[in-house]
Amino acid sequence: MKAIVCENPNDLKMIEMAKPPLKRGEALVAIKRVGVCGTDIHAYKGNQPFFTYPRILGHELSGIIEEVEKNDSGLKKGDHVAVIPYMHCGKCVACAAGKTNCCTDLNVIGVHIDGGMCETLSVPVSHLIRINGISLDEAAMLEPMSIGAHAVRRSFLKEGDNVLVIGAGPIGLGVMAFAKYRGARVIAMDINEERLSFCQNWAKVDETVCVRNQPLQKIKDMTNGNLPNIVFDATGNIQSMNQSFQYAAHGGTIVFVGLAKGDIMFHDPDFHKKELILMGSRNATKEDFQEVIEAVKSSSIILKDLITHRCSFNEIAKEFDHLLAPEAKVIKAVIEYE
């Protein structure tokens with residue numbers, strides 16, 4: 001079968017490799033869609049933590065089951081499925097607490113182990129979700145949206161909360177959408193005005209703030225001087241994450257959804273004075289995937305409108321750099337298989 005491997009930073013190649021055999025407890029899935037994620041971009045650029053080369057990228061995946069043995073989930077050949085790419089051990093302290101998303105020995109498909117930029121992938125049946133009523137395009141978007149849903153659920157957000165989401169990439173958009181879904185008043189902040197317009201049109205945020213234009217004062221004005229109850233930073237940018245502390249209200253919460261390769265610093269007296277809660281939010285659980293599916297099926301969230309660019313599997317090695325160029329104005333790119 002064909003696969004796309006990232007051999008070194010800035011180096012994608014099409015290769016031929018053996019098709020995986022069918023293993024007990026797993027299914028062979030013919031991959032049909034791969035969402036291009038910030039993790040893929042950081043890995044390609046050599047900026048992704050916990051990453052080694054060579055690696056087959058791709059963890060936002062949907063496809064069709066080619067082969068599977070009889071299983072308790074009732075999955076069968078021909079089923080359209082989405083992939084939960086977080087391979088957890090099921091035995092560690094995190095897994096025992098139901099936090100499979102931050103397993104002590106977590107292996108993420110396309111990051112720690114080879115991913116879905118290939119024609120056929122072997123996946124444990126436990127990590128497949130049948131997607132009746134959802135398209136293959138939408139199913140490939142479940143993973144990034146689930147990260148947003150998980151961050152919102154983890155924050156204990158309440159209806160009516162003032163929420164600031166910093167970063168208008170796909171993960172930030174997912175946070176915005178699910179904060180709105182749960183009844184919050186949402187302010188979106190980014191450096192890009194066109195992205196902020198997209199936040200209004202797609203995520204239906206209540207207010208937008210450009211980082212370049214006195215953001216702290218504007219956010220104070222929007223919240224009657226109180227500042228947001230919850231601040232989500234989905235940038236993965238150290239400078240932004242360091243600055244996020246100033247935007248949180250007294251007694252508020254900061255949630256780092258993005259991942260930066262470096263140290264975060266903050267002024268402790270201010271942190272202490274406000275009695276802030278600081279949270280990390282990593283990946284998602286099956287519960288989060290199910291919440292996204294329910295929101296999509298009810299038309300509360302329209303995933304298909306996130307996709308702004310498409311590329312064929314056979315062309316992606318040549319076109320990947322184009323998708324990263326600012327002038328391409330990509331919100332979400334999807335790789336299609338013929």
Side-chain angles (χ1 to χ4, degrees), residues 1-6 12 14-37 39-40 43 55-88 90 100-101 106-147 283-286 288-290 292-293 296 303-304 307 310-314 316-317 332-338:
M1 69 173 184
K2 295 177 181 177
I4 305 291
V5 63
C6 186
L12 285 183
M14 174 82 78
I15 63 168
E16 291 281 345
M17 63 183 296
K19 180 178 174 179
L22 180 63
K23 298 177 183 177
R24 186 174 183 180
E26 299 195 358
L28 295 184
V29 179
I31 300 299
K32 295 300 179 184
R33 300 287 190 278
V34 180
V36 178
C37 172
T39 299
D40 302 319
R55 178 69 65 226
I56 297 173
L57 303 177
H59 62 277
E60 299 178 0
L61 309 172
S62 65
I64 302 172
I65 293 180
E66 289 182 337
E67 293 183 61
V68 65
E69 296 176 343
K70 187 176 180 181
N71 57 86
D72 293 338
S73 300
L75 292 171
K76 59 185 185 302
K77 181 178 179 179
D79 280 344
H80 289 210
V81 292
V83 176
I84 301 175
Y86 319 122
M87 301 294 116
H88 60 277
T100 56
N101 58 298
L106 190 71
N107 285 299
V108 179
I109 291 174
V111 180
H112 311 101
I113 55 178
D114 282 339
M117 286 191 193
C118 58
E119 293 181 305
T120 301
L121 186 67
S122 183
V123 182
V125 169
S126 58
H127 285 65
L128 295 174
I129 300 177
R130 189 187 288 111
I131 54 165
N132 294 339
I134 290 181
S135 70
L136 288 166
D137 277 352
E138 291 169 324
M141 299 296 99
L142 292 180
E143 193 270 346
M145 290 298 104
S146 296
I147 291 174
N283 302 325
T285 65
K286 197 166 191 175
D288 301 309
F289 276 76
Q290 295 293 355
V292 177
I293 290 170
V296 173
L303 290 187
K304 62 183 179 63
I307 301 171
R310 295 177 182 273
C311 184
S312 76
F313 174 69
N314 290 326
I316 190 61
K332 193 65 184 180
V334 168
I335 301 167
E336 299 179 311
Y337 290 59
E338 297 173 357

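Here the structure is a predicted model, which is why all the values come from computation and not from measurement. Heavy-atom basis, side chains included; hydrogens, waters and symmetry copies ignored.
Among all heavy-atom pairs drawn from Met1 and Ala18, the shortest one is CE-O, 3.9 Å. Leu75 and Val68 get closest at one heavy-atom pair: O-CG1, 3.6 Å. Between Ser146 and Val292, the shortest heavy-atom distance links the atoms OG-CG2, 3.6 Å.
Screening Val81, Ile335, Leu61, Leu136 for a side-chain contact (heavy atoms from CB on, under 4.5 Å) with Lys32, the sole residue that qualifies is Leu136.
Residues satisfying the side chain to side chain contact (heavy atoms under 4.5 Å, CB included) criterion with Lys2, sequence neighbours excluded, are Met14, Glu16, Glu119, Phe313, Asn314. In this structure Lys332 satisfies the salt bridge (Lys or Arg N to Asp or Glu O under 4.0 Å) test together with Glu60, sequence neighbours excluded. For the ring-ring contact (aromatic ring centres under 6.0 Å, His included) test, no residue two or more places apart in sequence or in another chain qualifies with Phe289.
Screening residues 120-143 for salt bridge (charged side-chain N to carboxylate O under 4.0 Å, His left out) gives Arg33-Asp137, Asp79-Arg130, Asp137-Arg310 as the qualifying pairs, with residues at least two apart or on separate chains. Applying the ring pair (Phe, Tyr, Trp, His ring centres under 6.0 Å) test to pairs two or more places apart or on separate chains, those with a residue in residues 106-135 are His88-His127. Judged as a salt bridge (charged side-chain N to carboxylate O under 4.0 Å, His left out), the pairs with a partner in residues 62-71 (not counting sequence neighbours) are, in order, Lys19-Glu66.
In this structure, a donor-acceptor pair under 3.5 Å is present between the side chains of Glu26 and Ser122.
Side chain of Tyr86 to main chain of Lys286: no donor-acceptor pair is present (N/O by atom type, distance under 3.5 Å, no hydrogens or angles). Remark: the backbone N or O of Ala139 is not paired with any side-chain donor or acceptor of Ser62 at under 3.5 angstrom.
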